[in-house]
Each structure stands twice: as C-alpha cells, then as structure tokens.
Amino acid sequence: AVERTLSIIKPDATARNLTGKINAYLEDADLRFVAQKRVRLTREQAETFYGVHKERSFFNELVEYMTSGPVVVQVLEGENAVAKNREVMGATNPANADEGTIRKDFALNVQENSVHGSDSAENAAIEIAYFFAGTEIVG
Ligand code: CMP
C-alpha cells in the first residue's frame, strides 16, 4: 500500500552539506518528497519528539545533539514507505549498517547517524502530525 513516513536529516548531515546526497538515496528508493522544511528544533520540540526515549541513558545527549544545528524534516510517500525508508537508512549504528545504505555511507556513530525514520505506520502518522499541517503536505 502507498504510505507516508517521517524522515529527518540530522545536524551531523546538514553540517556536512549532505542534504542533497541523502535526498538522492531516498528518491532512488522510489520515495517521493511530499513535504520538506529546514528547521532548528527547540529543546522542547526535541524532548517531545523523542519522549519515548526519555528514560534512556543517552536522552540528554540526544536532545543536545538534535538541537545543535539545523535539521530537515520531510514527509516521504511511496509503496511501503515506512519499511522502504528504514531499509535505505540502514541500521541505527552505522557499524551494523548494510552496504549502500545512508548510515553506512554517511553516519558518524550511533548518535550522529545522519537520519531518522519512523519505525511504524502508526508512529509515522503521529510524527508527521507533529511537524506538518495538512496543508503543507502536497502529494
Ligand atoms: P533515531 O532512529 O532517530 O532514534 C533515536 C536516536 O537516538 C537514534 O536515532 C540515535 O540518534 C540515538 N541513539 C540510539 N541509540 C543510541 C546510543 N546507544 N547512544 C547514543 N545515541 C543513541
């Protein structure tokens, strides 16, 4: 089925001017950008977005990192978009990522891992609504 998922190009990647290169990996995987904007997350936005991780040891560091520079938030649309995006991203830790994935080719470490993608269709809907008004998404 055609789905939508939320993608974020993270501060380590925007700092290295990799937005276009990462977007090419996504488009080459038949994902279409139906919304995209460059923003600087506030601490409150990052804490809320990653709220599910708030008890994790890396939470404070994660919030610091995600607010350390600009990010590009995107809605991707395509057949099985959630799974397809996770496939092209590769494993969370780039040391475990498959050849040809975004994280294998660009991520620096398990935290500065260049991209985020929703982990389920249910979370995708929540994450998309967190960043985008319906009128900002143009399919
Ligand atoms: P993401 O897929 O956006 O979801 C949670 C983020 O937390 C993850 O990518 C990484 O940026 C970060 N993260 C996950 N595991 C660790 C870890 N063990 N140490 C530091 N950061 C982590």
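Bear in mind the structure is a predicted one, so any value in this text is a computation, not a measurement. Whatever order the structure lists them in is the order used to number ligands and atoms, beginning at 1.
Considering only residues two or more places apart in sequence or on other chains, Glu87 meets the salt bridge (Lys or Arg N to Asp or Glu O under 4.0 Å) condition with none of them. Shown here are the salt bridge (Lys or Arg N to Asp or Glu O under 4.0 Å) partners of Arg16, two or more places apart in sequence or in another chain: Asp12.
Nearest residue to atom 10 (C) of ligand 1 from Val63, Asn93, Asn109, Val110 is Val110 (criterion: closest heavy atom). The residue from Phe58, Phe59, Tyr65 that puts a heavy atom closest to atom 18 (N) of ligand 1 is Phe58. When Arg103, Arg56, Met89 are ranked by how near their heavy atoms come to atom 2 (O) of ligand 1, first place goes to Arg103.
By the 6.0 Å and 45° rule, Lys37 does not stack over the aromatic ring of Phe131.
No part of Glu61 comes within 4.0 Å of ligand 1, judged by heavy-atom distances.
Looking at Thr101, its side chain does come within 3.5 Å of a backbone N or O of Asp98 through a donor-acceptor pair. A distance-only check finds no donor-acceptor pair linking the side chain of Tyr65 to the backbone of Lys10 [under 3.5 Å]. With hydrogens and angles ignored, the 3.5 Å screen pairs a side-chain donor or acceptor of Asn113 with a backbone N or O of Thr92.
With a 4.5 Å cut-off on side-chain heavy atoms, Arg56 and Tyr50 do not count as touching.
Close contacts of ligand 1 with Gln111, meaning ligand atoms under 4.0 Å from a residue heavy atom, involve 10 (C), 11 (O), 20 (C), 21 (N). The atoms of ligand 1 that sit less than 4.0 Å from any heavy atom of His53 are 4 (O), 5 (C). Within ligand 1, the atoms closer than 4.0 Å to a non-hydrogen atom of Tyr50 are 1 (P), 3 (O), 4 (O), 5 (C), numbered from 1 in the order shown. Interface of Lys10 with ligand 1, defined as ligand atoms under 4.0 Å from a residue heavy atom, comprises 1 (P), 3 (O), 8 (C), 9 (O), 10 (C), 11 (O).
On a distance-only criterion, Asn113 and ligand 1 share at least one N/O pair closer than 3.5 Å.
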